[in-house]
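One structure below.
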Amino acid sequence: MYNSQMRQGEVHQRLRRALRDSVQENYGVAIDDIVQERPPKSSLGDAAFPVAFDLARIAKMAPRKIAETLAPALESVQGVARVDVAGAGYLNVFVDRASYVEDFLAPRKNDAPKTHSKTIVEHTNINPNKAAHIGHLRNAALGDTFVRVLRYRGHDVEVQNYIDDTGVQVADVVVGFLHIEKKTLDEVRAIINEGRFDYVCWDLYARVSGFYAEDRERLKLRENTLKAIEEGTGPEGPLGELIAETIVRYHLTTMERIDVRYDLLPWESDILRLHFWERAYELLKEKKAIRLATKGKNVGCWIMDLGTEGEEPSEQDEKVIVRSNGTVTYVGKDIAYQMWKLGLLDRHFQYEAFHRYPDGHTVWSTTSDGTTASTTSDGTTASTTPSGASDAPSFGDGETVFNVIDVRQAYLQDIVQRGVALLASESARDRSHHFSYEMVALTPATCRELGFSVSAEEAKKPYLEVSGRRGRGVKADDLLGALETKARAEVDKRNPEMTGDEQRDIAKAIARGSLRYFMVKYTKNRVIAFDFDEALSFDGDSGPYLQYAAVRAAKILQKMSTSSVDITFPETLAESFETLGDAEADEIWSVMYEAMELGAMTETVLRTEEPAHLARFALGLAQKFNGFYHRFKIATEPNEAKRALLLLVVQLFHRQHKTALELMGIPVPDRM
RNA sequence: GCGCCUGUAGCUCAGUAGGAUAGAGCGCCGGAUUCCUAAUCCGGAGGUCGCAGGUUCGAAUCCUGCCAGGCGUACCA
C-alpha cells in the first residue's frame, strides 16, 4: 500500500554507532541509547547529540572539551559533511545533502522485516442503540490512524469493532419501543424501512430516561428486558437483535464516510452463546479470582476483590462481575473477550460475512446461529452465508492488543487487565494496552446554539458532557453534513465552472479531511470542548490547509509532466546546491529534510501511542512547503540545475506529505 | 476521602527521551497577487509556562507540597 521509504536514513544509525564506540573508547563508558535530537533551527545542523553533557558529570570535564574530543569520530562517518561543536557542548552534524537524498531514494530490499505476530486494534465500539455522535468519531479517527501507522510500519493488523448488543443501552431502546411506543416487532420493521432508524432511536432513547424517572418501578422493565436479550427470548430478544443489527449497519455507513473500516465485528451475544463467558467464569472461579459474596451490599453476587494484598478486604473494593440475578457485567464479558483476543481462551467463534465494501473488502461478523443477510455498500442484499463460513480469515490470537476506549473507562479496563493477569500471567496483561483518550464535550454556548437546555449550574462549567441518554450531542452525520455544505460553498466560490458532481466529490473530500484532522490534532488526553466554528474552520491549522498544500504540489508536478511516484535522483544535485546562496540552500534543504523525517515520526507515534504527533508533523511540513512555494517559482525557473532541484523538493514533499495524510485518512482531491 | 487527567500568548492548543533564544493556529495591526490556485505567504504586537520549594551543568518537562478545574470511584458502559 505504501511504498515510500519508511526508514530514517541509515546515516543516523551510523552516527549513533560511531558516537557510542567513541564514548566507550575515550571515556570507558557504555551508553546504549545515544540521545539524538533536532537542533532548534535547521541552520544549526541536521542532527544534534547532547551526549557530552552526560559525560561531563562522569568524566568531570567541561562538556565542550568532551564534544571536541568526540567530534572527529562523527566527522569520519560516511555521509557526513561537517560537525560543529556548538553552544555549551552540543555536537551538531550536517549531513551531505546530495548523498542523503540519494540514499533516501535508493530502492531498498526487504525493508522493515515483516513480523509474523499479529496486532489487534479494537476501536469504535458504539452501543448499537442510536446514531453515532462526535465522541465516536474521535474514537474511530484515533483508532484508524493508529491502525494505518501500524500497517505502514509493517505490522499485521486486525481491526475489531466490538458490538455490545446485550447491554443496558440496547435494552433501553427495546423498552422504548415496547412500552412507550407500544410497537410490535413488525411495526418496528416498518419504521426501519422508512429510513434513518439511527436518528429515530436517538430520539427515543432520550425519552426512555424520562419514562423511568416518572415511575421508578419501570426500571424492572429494563432488568427483565436485559435478561430476555441475553437469553434471546420473548419479544425483547428478537427486537433487540433487529435494532442492534440495523444500527450497526448505519454505523458502518457513517464510518465509511470518513474512510474507517473494520475486519471483524465481535458480538457480545456470541460471547455469551458460544460460552466464552462460561469458560472464563470457570477459570475465574478455579483461580479464585472471584468469590461469591455472602454478606454486605453485594450479597449473592460474584465479586472480584480489588484491595491491595495483605490488607483487610473492604466492601468498597468489591467489584461485581456476576449480578445477583445471574447476568454478567461488562467487565466479566470483556475479560472473556480480552482472553480470546490474546489467544488465551480455548473457545472459538463462528464467522459470517456481514458487509462488503465497494473495493471488495469484507467485514466479518461473529455468529452463533442461523444466517444473516450480507449487504454490499449500495444496500442490496448480496448473499446469505451459512453459519461458520469456511472461507473466513483466522481471527483473534493477537500478540499485541490495543483497546481504543475512552479514559472514563480506565478503572474498568484496569479490572479487566487484573482479570487477565490472574487467569493467565503478568506478561499476558502487558500485551494488552488501553489506548485511552478523552471525551468530546460541548461548550455551554454551543449547547444553547444547538437548542439544548442548559441549567444555571451547567452554564458555569467549561464544557458539558455529551449525553446520549439526554439526547444532548452532535450526531456524526449532521456534523459531516454541515462540513460538506460549507466545503461545497467554498469550492463553488473558487471553481464556479465545475459540474455539480465534481463540486460534490471535492466537498466530500474536504469535509472528510477536515473532520479527520480535527479529531487527531488534539493530544489524546485532552478534552475537546467542541465548538462549531472551530470545527468548521478551513484555514490555518486545519485539514483543508494540509490538503491545499498537497494540491498545489500536485499541480506543479502536473504542469511539469511528472509525478512523485517515481522520483529519479538527479545526478547534478550536488552542483545544484552549489549554485545557491547559503540562505536559499538552507531553506530548500529544510523542506526536503523535514519531508524525509516522516518515517521517524511514525515510529514516534507508535512509541508514544499518540497520533497527534503525525498531525503536527504534517502541519509543519505543509507550512514549510507553502513558504517554499511562495519564495520560488518552480515551473518557470530558467536555470536548469536549479529547476531540477526545486522539482525534486516538490516531488519529495508531495510523496511524503500525501503519505502522511493517507495515514490520517485525509484524502487529497485533484483540485479544490 | 482516594485514584487519574488538565493548568503554557486575549482565545484554542503543540512542546511525549531533561537540552540551545518556549512555538503554531485563530483574533488584532501592517504588508504581498501581470508569473505553478490568496483555503496562501511575509512582518509586528502579545508569555511570572497555576503557585512555592527541591533535584540537575541545565526544568514547561522529573520529585514534594499547595491552589484551581475536569473525570472516575454502580448489581450502566
Side-chain angles (χ1 to χ4, degrees), chain A residues 33 35-37 39-41 44 48 50 53 56-57 62-63 86-90 92 125 127 164 167-169 171-172 222-223 226 293 297-303 306 316-317 319-325 327-331 334 405-412 414 436 438-439 441 461-463 465 469 487 490-491 493-495 510 521-523 525-529 531 533-534 537-542 544-545 547-549 551-553 555-560 604-605 607-610 612-613 615-616 619-620 623 626-637 650 671-672:
Chain A
D33 284 323
V35 174
Q36 180 184 340
E37 48 195 44
K41 277 199 291 205
L44 288 170
F53 298 110
R57 193 177 1 247
Y90 287 96
N92 287 349
N125 300 5
N127 270 300
D164 182 7
V168 169
Q169 294 215 24
D172 280 344
R222 171 197 273 175
E223 223 173 276
L226 198 53
K297 61 171 182 156
N298 295 325
V299 65
C301 300
W302 282 87
I303 55 122
L306 303 175
Q316 277 187 351
D317 297 325
K319 177 65 196 174
V320 173
I321 305 297
V322 180
R323 303 184 185 103
S324 52
N325 71 352
T327 56
V328 193
T329 60
Y330 161 81
V331 172
D334 207 35
I405 299 174
D406 86 73
V407 70
R408 287 170 298 178
Q409 295 192 40
Y411 169 72
L412 294 180
D414 186 52
S436 86
E438 265 289 2
M439 62 179 167
K461 299 200 166 195
Y463 48 80
E465 195 178 347
R469 207 162 278 286
E490 297 289 330
V491 172
K493 202 157 62 185
R494 293 168 178 77
N495 307 280
I510 292 169
K521 75 174 191 171
Y522 299 97
T523 48
N525 56 3
R526 185 169 295 272
V527 176
I528 298 178
D531 178 82
D533 292 339
E534 212 178 299
S537 164
F538 292 167
D539 299 325
D541 186 14
S542 73
Y545 176 91
Q547 292 172 308
Y548 188 60
V551 167
R552 279 178 149 174
K555 190 64 181 289
I556 294 169
L557 296 179
Q558 193 192 332
K559 188 168 179 182
M560 297 177 80
T604 303
V605 169
R607 191 189 71 237
T608 58
E609 296 179 18
E610 180 51 87
H613 289 304
R616 208 72 203 170
L619 174 68
Q623 285 172 327
N626 275 330
F628 164 83
Y629 177 92
H630 273 269
R631 202 155 131 68
F632 300 97
K633 295 299 159 208
I634 297 104
T636 54
E637 167 60 43
V650 179
R671 287 187 286 170
M672 64 185 280

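Every value quoted in this text rests on a predicted model; they were computed, and no experiment measured them. Each chain gets a letter, A, B and so on, in the order its sequence line appears, and its residues count up from 1. Note that these values count all heavy atoms, side chains included, but never hydrogens, waters or copies made by symmetry.
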### Query
Which parts of nucleotides 67-73 of chain B does protein reach within less than 4.0 Å, heavy atoms only, written one letter per nucleotide 5' to 3' as B for base, S for sugar-phosphate only and - for none?
--SSSSS
### Task
Would you mind building the protein contact string for nucleotides 21-27 of chain B? One character per nucleotide, 5' to 3', B for base within reach (heavy atoms under 4.0 Å), S for sugar-phosphate only, - for untouched.
B-BBSS-
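Residue-to-nucleotide contacts include no donor-acceptor pair under 3.5 Å from the side chain of A:Asn626 to the base of B:A39.
Residues meeting the side-chain contact (heavy atoms from CB on, under 4.5 Å) test with A:Thr604, sequence neighbours left out: A:Met601, A:Arg607, A:Thr608, A:His613. Judged as a ring pair (Phe, Tyr, Trp, His ring centres under 6.0 Å), and not counting sequence neighbours, the contacts of A:Phe632 are A:Phe628. For A:Gln623, the side-chain contact (heavy atoms from CB on, under 4.5 Å) partners two or more places apart in sequence, or in a different chain, are A:Tyr545, A:Leu619. In this structure, A:Asn127 has no side chain to side chain donor-acceptor pair (under 3.5 Å) partners at least two apart in sequence or on a different chain. In this structure, A:Tyr629 has no ring pair (Phe, Tyr, Trp, His ring centres under 6.0 Å) partners at least two apart in sequence or on a different chain. For A:Asp414, the side-chain contact (heavy atoms from CB on, under 4.5 Å) test picks out A:Arg418, with sequence neighbours left out.
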### Query
Given Watson-Crick or G-U pairs with both distances under 3.5 Å, what dot-bracket string fits RNA chain B, with | for other-strand pairs and [ ] for crossing?
(((((((..((((.....[...)))).(((((.......))))).....(((((..]....))))))))))))....
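Within the 4.0 angstrom heavy-atom criterion, no nucleotide atom of any strand lies near A:Val331. When heavy atoms are screened at a 4.0 angstrom cut-off, A:Ala48 is found touching base atoms of the nucleic acid. Among the heavy atoms of the strands, none lies under 4.0 Å from A:Phe628.
Phosphate proximity of B:U6 to A:Asn525: present, with a side-chain N or O under 4.0 Å from OP1 or OP2.
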Nucleotide N/O to protein N/O under 3.5 Å, stretch nucleotides 54-63 of chain B:
residue	atom	partner	partner atom	Å
B:U56	O2'	A:Arg57	NH1	3.4

Nucleotide N/O of nucleotides 10-12 of chain B paired with protein N/O under 3.5 Å:
residue	atom	partner	partner atom	Å
B:U12	O2'	A:Glu534	OE2	3.1

Short heteroatom pairs, N/O only, protein and nucleotides 7-9 of chain B, under 3.5 Å:
residue	atom	partner	partner atom	Å
B:G7	OP1	A:Arg526	NH2	3.2

